[in-house]
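Worksheet: the structure to be examined is printed underneath.
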Amino acid sequence: MPCSRSALGLMVLGLLGVATAAPSCGPGQWVNLTSIPQPRQEHATAAIGDSIIAIVGGLVPTANSTATTDLVQLYDVTTDTWHTAAPAPHKVNHANAAGVGGRLYLLGGLVEAPLSSGLTMNWVATRACYVYDPAVDAWSEIAPMPSGTEKGSAVVGVHEGMIYLAGGMTVLQTGYQDAVTSVVAFNTTSGAWQRLEAAAAELPESRQHAAGAVIGDSFYVVGGRRYGQLYHKDTVFELNLTDLAAGWKVSAARMPVSRGGLSGGAVGGNFYAFGGEGNVDAATGVFNQTERYSPLSVQWTEMAPMPVPRHGTQAIGMGGRIYIPGGGLQQDGKSISVGGGPVIFQHPTTHFDAYCP
Ligand SMILES: *[C@@H]1O[C@H](CO)[C@@H](O)[C@H](O)[C@H]1NC(C)=O
Ligand SMILES: *[C@@H]1O[C@H](CO)[C@@H](O)[C@H](O)[C@H]1NC(C)=O
Ligand SMILES: *[C@@H]1O[C@H](CO)[C@@H](O)[C@H](O)[C@H]1NC(C)=O
Ligand SMILES: *[C@@H]1O[C@H](CO)[C@@H](O)[C@H](O)[C@H]1NC(C)=O
Ligand SMILES: *[C@@H]1O[C@H](CO)[C@@H](O)[C@H](O)[C@H]1NC(C)=O
């Protein structure tokens with residue numbers, strides 16, 4: 001980060017008492033932030049407290065492809081800086097992560113499995129779960145996901161000490177991927193996985209690569225896909241976490257543009273959905289849409305599109321902004337030549353920005 005921007009940030013902080021040193025950003029605008037240290041996609045993003053954003057695992061570039069990583073990086077919104085934390089206990093992509101009580105939970109995800117003939121990619125779900133304590137910069141093992149419930153790419157919701165994982169996938173390999181309906185819950189107070197009431201334990205339809213958040217007492221699961229990039233969906237599923245017996249409902253309001261591989265976060269009682277992949281109308285295969293869902297009016301509204309359209313990342317609403325670290329600049333597996341250079345099949349980026357509603 002240039003010193004001048006840091007100094008300016010501190011001045012603004014001093015003058016206005018604003019709780020961020022990041023560049024300012026007006027309503028409906030986008031702002032660029034300090035890039036993440038490595039290009040990254042398919043990581044998990046989580047908030048630790050009200051000023052730290054963690055990115056966990058994912059894919060980093062190699063000489064001619066990408067590889068699963070155990071990298072963990074923490075962004076401080078008050079200083080607009082990144083630092084590298086103790087690596088995750090294993091290399092994991094499409095992980096499920098959440099911050100609760102100042103600690104970071106890493107629950108399952110996909111790990112690299114042996115390649116049998118015909119496979120160039122073979123990721124399978126792991127049951128392994130860990131918790132990270134930023135005070136000591138260390139990870140410890142916690143109760144694994146119950147046998148048969150392991151998955152990655154779930155939508156993560158946090159509510160009163162519980163972490164809910166909705167949908168997701170158990171395998172992502174060359175030519176094949178699945179999608180699940182299961183909703184499982186980890187109680188951070190007891191340290192145990194808990195079974196949910198039947199009506200809450202399954203989504204109305206399977207989803208992976210969806211987005212979502214808890215707003216008030218309601219858990220929303222937005223968009224996503226089944227089985228592959230082009231099988232994307234425009235639905236909003238909703239669960240009242242104080243009335244699990246009432247079960248999942250499908251909102252009457254469909255997304256203006258159906259999308260999977262999108263990211264999203266909540267600010268001010270609304271949900272904002274960004275980007276995604278599987279766009280047959282874009283050369284990159286990536287969506288640029290920003291859309292706002294209002295649970296109160298049950299309506300979607302189109303907002304300023306992403307200046308740097310991405311998929312394969314997760315967003316976090318914090319302090320009135322939604323932060324979107326990294327992601328992929330092109331649809332995975334699509335062969336694209338960037339600026340006349342060699343054809344690439346994936347394009348993770350360091351780009352980091354935020355949307356200010
Ligand atoms: C934000 O970053 C993108 C990608 O580097 C760049 O194209 C764009 O001009 C930047 N926007 C501003 C306002 O600096
Ligand atoms: C990528 O490089 C590795 C190591 O040099 C090689 O084994 C592999 O075949 C290459 N993969 C592709 C798709 O070119
Ligand atoms: C979580 O566990 C604690 C401690 O066992 C228990 O008191 C609480 O009711 C549990 N929460 C839920 C939502 O079941
Ligand atoms: C959730 O359920 C509780 C208990 O039935 C109810 O009081 C509340 O209004 C519900 N919330 C929403 C958003 O429907
Ligand atoms: C967003 O994407 C659409 C469809 O790919 C394209 O027509 C439009 O120009 C894009 N908008 C911006 C601002 O890039």
Side-chain angles (χ1 to χ4, degrees), residues 28-30 32 98 100-101 103 105 107 129 131 142-143 146 156-166 183-201 212-222 229-230 232 234 236-253 255-263 266 268-271 273-291 293-299 302-311 324 327-331 334 336 349 351 353 355:
Q29 288 182 351
W30 285 87
N32 286 343
V100 182
R103 304 206 296 171
Y105 291 82
L107 308 175
C129 297
V131 65
I142 54 176
V156 181
V158 174
H159 185 255
E160 292 178 354
M162 298 290 293
I163 305 172
Y164 298 90
L165 305 184
V183 183
V184 297
F186 181 75
N187 184 330
T188 63
T189 306
S190 64
W193 289 89
Q194 285 180 199
R195 182 171 284 285
L196 295 178
E197 303 215 21
V214 172
I215 301 176
D217 290 327
S218 295
F219 185 17
Y220 297 89
V221 170
V222 176
Q229 292 148 319
L230 300 180
H232 49 72
D234 61 2
V236 178
F237 299 149
E238 184 181 341
L239 178 69
N240 185 338
L241 295 169
T242 66
D243 188 9
L244 295 178
W248 287 91
K249 302 198 167 67
V250 183
S251 169
M255 301 179 77
V257 178
S258 170
R259 284 172 292 146
L262 72 172
S263 60
N270 293 315
F271 183 78
F274 306 96
E277 67 175 342
N279 184 359
V280 293
D281 295 325
T284 58
V286 172
F287 291 98
N288 60 16
Q289 275 77 11
T290 301
E291 296 164 346
Y293 178 69
S294 162
L296 275 186
S297 63
V298 193
Q299 264 176 350
E302 295 207 41
M303 315 300 283
M306 302 182 84
V308 182
R310 279 163 289 156
H311 75 94
I324 310 173
L329 299 176
Q330 72 178 59
Q331 181 174 322
K334 205 171 155 93
I336 292 178
T349 180
H351 186 72
D353 55 18
Y355 179 74

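First listed ligand is number 1; within each ligand, the first listed atom is number 1. The analysis underlying the following values was restricted to heavy atoms, covering all of them including side chains, and did not include hydrogens, waters or symmetry mates.
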- prompt: In Å and rounded to the nearest 0.5 Å, what is the CZ to OG distance from F237 to S251?
  reply: 10.5 Å
- prompt: Under the 3.5 angstrom rule, does the side chain of H311 hit a backbone N or O of Q330 as a donor-acceptor pair?
  reply: yes
field: Donor-acceptor pair, side chain of R259 and main chain of Q289, under 3.5 angstrom
entry: yes
- prompt: Does D217 come within less than 4.0 angstrom of ligand 4, counting non-hydrogen atoms of the residue?
  reply: no
Ligand-protein N/O pairs under 3.5 Å (ligand 5):
residue  : atom   : partner : partner atom : Å
ligand 5 : 2 (O)  : N288    : OD1          : 3.2
ligand 5 : 2 (O)  : N288    : ND2          : 2.4
ligand 5 : 11 (N) : N288    : ND2          : 2.9
ligand 5 : 14 (O) : N288    : ND2          : 3.4

- line: Taken in chain and number order and not counting sequence neighbours, the residues that satisfy side-chain contact (heavy atoms from CB on, under 4.5 Å) with A192 are S190
message: Within the 4.5 Å heavy-atom criterion, are Y220 and P295 side-chain neighbours or not?
response: yes
Structural part of M162 in contact with ligand 3, heavy atom criterion under 4.0 angstrom: side chain
query: Who are the salt bridge (Lys or Arg N to Asp or Glu O under 4.0 Å) partners of E238, not counting sequence neighbours?
result: none
query: What pairs meet the salt bridge (charged side-chain N to carboxylate O under 4.0 Å, His left out) rule with one or both residues in residues 190-199, with sequence neighbours excluded?
result: none
- request: Taking only heavy atoms of N240 into account, list the atoms of ligand 4 that are under 4.0 Å away from them.
  value: 1 (C), 2 (O), 3 (C), 8 (C), 10 (C), 11 (N), 12 (C), 14 (O)
query: Taking N or O atoms only and a 3.5 Å limit, does Q194 qualify as a polar contact for ligand 3?
result: yes
- request: Could you tell me which non-hydrogen atom of L230 sits nearest to which non-hydrogen atom of G278, and how far apart they are?
  value: CD2-O, 3.7 Å
